Each structure stands twice: as C-alpha cells, then as structure tokens.
There are 2 protein chains.
Amino acid sequence: MPPTPRRSTILEVARLAGASKTSVSRYFGEERDRLSPSLQARIAHAAGTLGYQPNQMARGLKGGRSKLLGMLVADIRNPFSVAITHGVEQACRQYGYSLVVCNTDNDPEQERQHLDLLGAYQVEGLVVNASGSPERQLHTFISQGTPIVLLDREVDHVEAEVVGLDNHLAIDMALEHLVDQGYQAVLYVSEAPQQSSTRQKRLARFNHTTEQLGLIHSSSLLANSDGTATLQALSDFLATHQQHACAVLCGNGNATLTVTRLFQQLDLSLGKIGLMGIDELEWCALISPGITTLAQPTDAMGKTAVQCLMHRIAPHASSMPAALSFSPTLIERGSTQR
Amino acid sequence: MPPTPRRSTILEVARLAGASKTSVSRYFGEERDRLSPSLQARIAHAAGTLGYQPNQMARGLKGGRSKLLGMLVADIRNPFSVAITHGVEQACRQYGYSLVVCNTDNDPEQERQHLDLLGAYQVEGLVVNASGSPERQLHTFISQGTPIVLLDREVDHVEAEVVGLDNHLAIDMALEHLVDQGYQAVLYVSEAPQQSSTRQKRLARFNHTTEQLGLIHSSSLLANSDGTATLQALSDFLATHQQHACAVLCGNGNATLTVTRLFQQLDLSLGKIGLMGIDELEWCALISPGITTLAQPTDAMGKTAVQCLMHRIAPHASSMPAALSFSPTLIERGSTQR
DNA sequence: CTGAAAGCGCTTACAG
DNA sequence: CTGAAAGCGCTTACAG
C-alpha cells in the first residue's frame with residue numbers, strides 16, 4: 001500500500017509560514033488579533049496552501065474543550081424526536097459546537113453504553129431524552145462538572161433542568177377544546193407511562209381535570225403497539241356511552257397513529273366521534289376532515305436546551321433561557337367538529 | 001467556584017493498581033490477553049474504583065484511530081433520511097464506532113462547513129448524502145485516505161461507492177404495476193432534479209420506459225413545495241386525458257405528500273385516478289383506501305454503507321458488501337385499484 | 001508477561 | 001507582537 005498522505009499539522013504550517021507553532025495556534029484560536037497583519041497573512045497563506053485544519057482531537061486534549069455536545073435520543077424514528085434533534089443541532093452550530101447524536105431505540109442498556117461513550121469523547125454538555133434511568137452515568141457527568149439538560153422526560157434522582165411541554169396546560173387545553181366542541185365523554189389513550197414522567201403527568205392531569213370538569217372519562221394504555229387491547233377499550237367505551245358525545249384524546253404522536261388506525265378498523269367517522277392528539281404530524285391534515293392536534297414548539301425547545309447548556313459552559317456566551325416549559329399550539333381540524 | 005472533579009486518567013489507575021500505564025493501556029485496548037490474570041484483576045479493580053474510562057480524544061490522537069464515523073445528511077427531517085440514519089447508526093455501533101451526524105438542511109454552504117468539521121474530528125470514514133457538490137472537501141478526504149461512501153445521491157467528479165435504490169428497476173416496477181392495474185396515462189411528479197442524480201435517473205427512466213410501453217405520459221416538477229404549478233399540471237393532465245385511465249407516480253415521499261394534498265384539493269377519488277409513490281411513509285396506509293408505494297430497504301442500505309466503509313478501514317473486520325443497489329418492495333393498496 | 005520512554009498535534013503559561 | 005517549552009492522556013515500538 002502507498003503511504004497515505006496525511007493531514008498537515010501545525011508544525012508544517014509554522015515552518016512554511018516562517019512562524020512559530022504558538023503563532024499558528026493563536027491564529028486559529030481566539031487570539032488572532034494579537035498577531036501582526038503580516039504574520040497573519042503569512043500564516044493564512046501557508047495554511048491555505050497546505051489545506052491545514054486544526055486537529056480537534058489534539059485541541060480537545062490539551063485545551064480541555066472538545067467543542068462537542070452530546071445528545072441522547074430515546075427513539076430517533078419518532079417524529080417528535082426528529083424535530084427536536086433538528087432544533088438542537090441548529091442551535092449547536094450557532095454556538096460553534098458540533099453534536100454527537102446517540103439513539104438508544106428505547107433500550108436502557110444501549111443508553112448506558114452510549115452515555116459512557118459520550119463521556120469518553122469528552123462532550124462538554126449533554127442533552128438527554130432518556131428512555132431508562134441511567135442515574136449512575138448521569139451523576140458521573142454531573143460530578144465532573146459536565147452540564148446536563150433533560151429533554152421531555154425527567155430522570156429519577158437526577159437534578160437538572162428539564163425542557164419540555166407544559167403538560168398540565170396541554171391536557172387542560174385539549175379538554176377545554178373538547179368541551180367547547182360539545183363532547184361529553186373522553187377516552188385517553190397513552191403509551192405505557194412507566195419510565196416517562198411526561199406520560200405520567202399527562203395521564204394524571206387528564207384524570208384530574210376531567211374529574212373537575214365533571215366529564216365522563218376513562219383511559220387505555222397501548223400495549224406493544226399492536227393496539228388490540230385499546231381496540232377493545234375503545235369499542236367498549238363507545239358502547240357504554242353511546243348516548244353521549246364521545247371523543248378520544250391521544251397522549252402523543254404514536255398514540256394518535258394507532259388510534260387513527262383503530263378508527264378505520266371500526267369504521268368510525270371522525271368528528272362524530274371526536275379525535276385529538278398531542279403532537280402535530282405531517283399527515284394529520286391529510287386524514288380528512290383533518291385531525292385536531294396540539295403542536296409542540298420543537299425548534300424552540302431544542303434551542304432552549306442548548307442555551308441552558310451553553311449558559312453553564314460559557315456563561316458569557318449565553319444567558320439562561322427565560323422559560324423551560326412550553327405552551328402547545330392548538331391546531332383545530334375536522335376531527336373535533338361534531 | 002469549587003475545582004471541578006476531573007475524570008481519572010490512565011496514570012491514576014496505574015498507580016492505584018500498582019502497574020504501569022502501558023499495562024493499563026493494554027487492558028483497555030486489544031491486548032488484554034497479554035496480561036497476567038492477577039494484573040488484569042488489579043487493573044479492573046482500580047479502574048472500577050476510579051470510574052475510569054479511556055479518553056477517546058487522547059486515544060485518537062496517539063493511535064490515529066478516532067473510532068468515529070461521520071454522516072452528512074441533506075435533510076434530517078425527511079423520513080427517508082431518518083430511516084437511513086437509523087440503519088447507519090445501528091451498524092456503526094455493531095462495529096464499535098460512534099457516529100457524528102451532520103444535517104445540512106440542503107444548504108451547500110453548511111455542507112462544506114460540516115465536512116471541514118468532520119475532518120477536524122478525524123472521522124475514519126464518511127457516509128455522504130449530499131445536497132450540493134462539495135467536490136473539494138470530499139477530495140480532501142479521499143486524498144488523505146479517508147474512505148467515503150455516497151448515499152442515494154452521486155456527486156460529480158467524486159469517485160466513490162454509491163449505495164442506493166436501483167432507480168431503473170423502481171420506475172419499471174411502478175409502471176408495470178400501473179399498467180397491470182389498467183392505467184393508460186401517467187403523470188410523473190418529482191422534486192427539482194438538479195443536484196440529485198437519483199431524481200434525474202428516475203425522471204429519465206420514466207420517460208424511457210413509458211415511451212417503450214407506449215403509455216401516455218407527462219411530468220411535473222414541484223416548485224418550492226407549494227405545489228401550485230403541479231396543481232395546474234395535474235388538472236390539465238386529467239382534463240386532456242379524461243377518456244383514459246389516469247394515474248400519478250410520485251418520485252419520492254415529498255412528492256407523494258404534496259400530491260396527496262392536491263388530490264384532496266381537487267376532490268379526486270383515489271384509485272379512480274391512480275396514485276403511487278416511491279418511499280413508504282407511515283401514513284400511506286391511513287389515507288383510505290391506502291396509497292400504493294415502493295418501499296426502500298432503508299436499514300439494509302444504511303448497514304451496507306457502513307460495511308463499505310469498514311471494509312476499507314479494517315479489511316479484516318468486514319467483507320465488501322455484495323451489492324450496493326437495492327430493489328424496492330411493492331406495497332399494493334387501494335390507490336391503484338380502479 | 002511487564003514497563004520506561006517517546007511522541008501524537010495541539011494550547012498555554014511564561015518570558016522577552 | 002512573538003516564541004521556546006511543557007504537558008494534555010493516551011499508544012506503541014523497544015527492551016527485558
């Protein structure tokens with residue numbers, strides 16, 4: 001094999017520019033101004049000729065700044081996660097950081113491994129959308145002074161900022177809308193709440209507010225995405241309360257997807273039986289007459305998470321965000337029109 | 001501020017274990033077997049006590065192996081890209097690599113910057129789903145011996161393996177299906193093909209095969225996602241050929257989304273006017289009577305891309321994949337049932 | 001089987 | 001304004 005041409009190093013640039021490594025380093029660091037114009041020009045030229053780019057590994061090693069942020073995502077194929085990730089990535093770039101995204105596919109073991117790995121790459125901060133409760137790993141980061149922000153889900157015994165939807169508000173807005181539209185009985189469909197503080201909160205709030213409003217209510221948990229248990233629950237609910245105007249409220253995008261399928265299986269007409277979901281999905285407008293949703297401001301949430309981190313990494317670069325809890329936006333469509 | 005507790009280093013572990021740095025390094029590298037059981041035990045214990053984890057930055061610097069792969073994605077919010085990214089990430093993990101994902105939002109400038117950055121982090125290989133033609137940057141990688149694999153789209157003047165769908169086959173399968181179902185006139189809707197070899201190939205093949213089969217055909221390019229031009233094209237097409245059985249073939253998921261909206265605007269009944277799309281999306285089954293699609297084997301494609309890279313990085317770890325071009329799967333639904 | 005030492009490509013006091 | 005030198009945390013010949 002022919003010897004592979006290597007990336008050029010700071011030493012080569014220095015030599016070609018007739019300067020010291022120190023100066024070249026300064027040129028590519030924050031101290032370019034300290035260099036005389038002529039030195040700057042020589043270095044610029046030499047670097048250009050050699051196609052030089054500082055090695056971030058070396059930089060990180062010596063300076064202690066990897067310029068890397070890590071993000072742990074529970075399920076990268078979930079549209080909500082995709083949207084958030086997009087926001088986080090944008091924000092990172094804005095602060096001059098790169099992002100290492102790790103998907104755990106909701107597997108606690110993968111989650112732990114990824115977290116260790118992120119540590120090994122010396123990420124300077126971490127956005128965590130947890131699937132399990134990787135307490136030990138997170139505490140390791142915290143005790144080393146690496147800031148962490150939790151996204152959407154809290155983690156037991158881990159104290160960190162939590163960026164997410166105002167779940168109480170979301171449920172209340174949904175129920176208020178359903179009541180306004182004249183529905184009298186509401187079935188709440190959610191994925192299994194264990195492991196997700198968000199799901200727990202939404203479910204609890206559903207029970208709370210629904211009691212308070214005097215609404216007929218019930219709930220069903222999705223078992224393993226097949227939805228057969230919920231099919232049963234749904235038809236029972238409708239049968240029991242057929243003298244009332246019934247609606248289904250879905251706790252997140254996945255629930256909306258499953259329930260929409262069930263509506264089709266049962267040949268229910270959207271609107272006559274109300275349907276509403278938390279999370280806006282691209283197809284919600286397409287299922288005629290449209291599915292009413294509560295959209296989350298995902299870009300803002302992603303940006304806020306990064307801002308939290310940056311505030312702790314480099315307090316001068318970013319102020320603490322004003323709020324970590326976000327309001328949803330009601331997108332009204334035919335599915336809640338009786 | 002209190003001094004932040006740092007990560008422990010190899011030296012600390014060595015001291016605590018009463019061993020040399022060399023041995024600790026061996027323990028965490030590929031040479032653990034060379035150590036006596038008792039030494040291994042001491043090191044394991046010391047490392048456990050200190051919560052030691054090798055610093056990947058330092059490892060990469062000295063050993064030249066960052067254990068990092070880079071991936072450039074043109075549009076991370078596109079479901080096809082998400083699916084591919086998922087496959088790539090899974091495969092990375094399998095080979096013990098981590099993945100840095102960079103999204104360019106279809107912006108050539110961001111693309112160039114990200115590529116430079118990926119270089120700075122010494123990625124050992126690169127999966128590129130290009131949005132522009134970052135020839136210079138890619139050549140830099142190539143000339144340094146960093147393997148590259150192109151995903152879905154070719155890049156002018158860059159010689160590298162291309163992993164993607166067999167576009168000719170896909171178009172032919174689609175047209176064959178439409179003919180079988182009795183459609184006689186087909187309108188092809190695609191996003192603007194410049195910058196995407198895939199779009200070009202599909203469009204060209206559409207014209208070719210359609211001629212050959214003697215089908216009435218036309219095509220329309222989506223302008224800026226609003227679809228108004230295509231709305232016009234569609235109604236014209238239908239008006240002109242109303243004595244024939246008409247169908248629309250969508251070049252990718254975005255086209256399918258837009259055209260589905262147009263069908264609703266024009267109040268066309270699916271099936272009577274045929275509709276079919278390349279790319280399977282989660283909602284295609286939900287728009288009754290279901291939209292017929294050609295699904296891409298995204299996980300396999302992602303894995304294959306990584307396998308290509310690994311074969312070049314560590315020939316012993318992976319053989320060259322047998323094929324880089326994949327066949328789609330026809331998912332037949334009501335939208336192509338007259 | 002084990003270790004001392006050199007060096008990967010940078011940054012950062014320190015000195016002038 | 002500029003540079004020589006030490007050192008970040010590792011790996012890898014080299015030696016025994």
Side-chain angles (χ1 to χ4, degrees), chain A residues 3-44 46-47 50-68 117 119-124 144, chain B residues 4-43 46-47 50-68 117 119-124 144:
Chain A
T4 330
R6 304 161 8 278
R7 312 190 139 253
S8 53
T9 69
I10 202 172
L11 184 61
E12 297 170 293
V13 177
R15 277 211 258 266
L16 184 58
S20 68
K21 290 194 306 172
T22 308
S23 295
V24 178
S25 173
R26 290 205 173 106
Y27 181 84
F28 285 96
E30 322 270 65
E31 315 184 76
R32 188 174 297 190
D33 319 327
R34 288 176 48 179
L35 273 31
S36 68
S38 91
L39 222 203
Q40 287 191 35
R42 270 148 53 213
I43 293 176
L50 297 173
Y52 172 73
Q53 262 200 211
N55 179 329
Q56 284 291 350
M57 294 273 161
R59 267 183 144 164
L61 185 57
K62 179 59 190 165
R65 327 272 344 255
S66 64
K67 285 283 182 179
L68 235 35
L117 218 57
Y121 283 106
Q122 314 282 111
V123 296
E124 294 181 45
Q144 283 162 172
Chain B
T4 330
R6 307 160 9 275
R7 311 191 139 252
S8 53
T9 71
I10 200 170
L11 184 60
E12 297 169 292
V13 177
R15 277 210 259 265
L16 184 58
S20 67
K21 289 195 307 175
T22 308
S23 295
V24 179
S25 174
R26 289 204 174 107
Y27 182 84
F28 284 97
E30 321 269 66
E31 315 182 77
R32 185 174 298 189
D33 319 326
R34 287 175 50 178
L35 272 32
S36 67
S38 91
L39 222 203
Q40 287 191 34
R42 270 147 55 213
I43 293 175
L50 297 173
Y52 172 72
Q53 262 200 215
N55 179 328
Q56 284 291 349
M57 294 273 162
R59 267 184 144 163
L61 185 57
K62 178 58 190 166
R65 327 272 343 256
S66 65
K67 285 283 182 178
L68 235 34
L117 218 57
Y121 282 105
Q122 314 284 110
V123 296
E124 295 182 42
Q144 283 162 172

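Naming: A, B, ... by sequence-line order, numbering from 1 per chain. Scope of the values below: all heavy atoms of this structure, side chains included, with no hydrogens, waters or symmetry mates. These numbers come from a predicted model, not from an experiment.
- As judged by a 4.0 angstrom heavy-atom cut-off over every strand, B/Leu61 is placed among the base-contacting residues.
- Residue-level contact check: B/Tyr52 touches the backbone only, with heavy atoms under 4.0 Å from sugar-phosphate atoms and none from bases.
- Side chain of A/Ile10, nearest nucleotide from C/dC10, C/dT2, D/dG3: C/dC10.
- Residue A/Ser23 places no side-chain N or O under 4.0 Å from the OP1 or OP2 atom of D/dT2.
- The side chain of A/Ser25 has C/dT12 as its nearest neighbour among C/dT12, D/dC1, D/dG3.
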request  = Evaluate the salt bridge (Lys or Arg N to Asp or Glu O under 4.0 Å) criterion for residues B/Glu124 and B/Arg65: first the C-alpha distance (whole Å), next the side-chain angles of each, then the deciding distance (0.1 Å), finally the verdict.
outcome  = CA-CA 7 Å; B/Glu124 295 182 42; B/Arg65 327 272 343 256; 2.5 Å; yes

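- Side-chain atoms of B/Arg26 stay outside donor-acceptor range of the base of D/dT11, with no qualifying N/O pair under 3.5 Å.
- The separation between B/Lys21 atom NZ and C/dA5 atom C1' is 9 Å, rounded to whole Å.
- To the nearest angstrom, P of D/dG9 lies 18 Å from CD of A/Gln56.
- For A/Thr9 and C/dG9, the shortest distance from a side-chain N or O to OP1 or OP2 is not below 4.0 Å.
- For B/Lys62, taking side-chain heavy atoms from C-beta onward, the closest of the listed nucleotides C/dT2, C/dA6, D/dC1 is C/dA6.
- No donor-acceptor contact under 3.5 Å links the side chain of A/Arg7 to the base of C/dG9.
- Backbone-only contact: A/Arg59 has heavy atoms under 4.0 Å from sugar-phosphate atoms and none from a base.
- Distance CZ/B/Phe28 to CZ/B/Arg32: 7.0 Å, rounded to 0.5 Å.
- Looking at heavy-atom distances under 4.0 Å, B/Thr22 makes contact with a base.
- As rounded to whole Å, 9 Å separates atom P of C/dT12 from atom CZ of A/Arg65.
- Using a 4.0 Å heavy-atom cutoff across all strands shown, A/Leu39 reaches sugar-phosphate atoms only and no base atom.
- B/Tyr27 comes within 4.0 angstrom of nothing in the nucleic acid, heavy atoms only.
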